[in-house]
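Let me begin by presenting the structure, written as structure tokens, before commenting on it.
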Amino acid sequence: MTSDPRQEALRQADWEEASRLLSEIVAQDPDDGRAHLLLALCHLGRGLVDEAAEQLARAAAQMEIDPDYHVACGRVAEHRGDAAVAADWY
């Protein structure tokens with residue numbers, strides 16, 4: 001079975017490679033909420049909080065009821081030092 005390079009990059013926490021691959025996906029399909037969410041997590045892994053928040057905003061319409069989306073939004077709030085907002089997301 002051949003491994004998906006995106007999943008492999010995420011599994012290995014290779015944030016740069018995963019970001020590159022996911023950026024290609026969202027360029028081809030801007031409505032792919034899951035790809036935006038995963039790209040946000042990559043940005044968080046690289047310490048790029050504002051970029052993560054931007055990707056989450058793009059994912060919102062497709063992902064607003066997804067628990068992973070809420071956890072990612074909470075993590076962004078935590079990185080911004082806003083524990084109250086993070087708690088609301090969790």
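Only this structure's heavy atoms are used, side chains among them; waters, hydrogens and symmetry mates stay out.
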Minimal non-hydrogen separation, [X] against [Y], with atom names:
{"X": "Ala72", "Y": "Leu41", "answer": "CB-CD2, 3.9 Å"}
{"X": "Tyr90", "Y": "Gly74", "answer": "OH-C, 3.3 Å"}
{"X": "Ala77", "Y": "Ala86", "answer": "CB-N, 3.5 Å"}

Exercise. Can you list the steps and then say if His43 with Val49 is a side-chain contact (heavy atoms from CB on, under 4.5 Å)?
Worked result: CA-CA 7 Å; His43 288 323; Val49 178; over 6 Å; no
Problem set entry | Worked check of salt bridge (Lys or Arg N to Asp or Glu O under 4.0 Å) between Arg75 and Glu78 | CA-CA 5 Å; Arg75 289 185 58 202; Glu78 282 181 25; over 6 Å; no
Please tell me if the side chains of [X] and [Y] come closer than 4.5 Å, counting only heavy atoms from C-beta onward.
{"X": "Trp89", "Y": "Val71", "value": "no"}
{"X": "Ser19", "Y": "Arg46", "value": "yes"}
{"X": "Leu37", "Y": "Gln55", "value": "no"}
{"X": "Asp50", "Y": "Arg80", "value": "yes"}
{"X": "Asp68", "Y": "Met63", "value": "no"}

Exercise. In terms of side-chain geometry, is the basic nitrogen of Arg20 or Glu24 positioned less than 4.0 Å from the acidic oxygen of its partner?
Worked result: yes
Exercise. What is the distance from atom CD of Glu64 to atom NE2 of His70, rounded to the nearest 0.5 Å?
Worked result: 7.5 Å
Problem set entry | Spacing of CG belonging to Leu39 relative to CD belonging to Glu51, to within rounding of 0.5 Å | 10.0 Å
Exercise. Can you get from Leu21 to Leu48 by hopping between Ile, Leu, Val, Met, Phe, Trp and Tyr side chains that sit under 4.5 Å apart?
Worked result: no
Problem set entry | Passing option when His36 is tested against Val26, Ile25, Asp29 for side-chain contact (heavy atoms from CB on, under 4.5 Å) | Val26
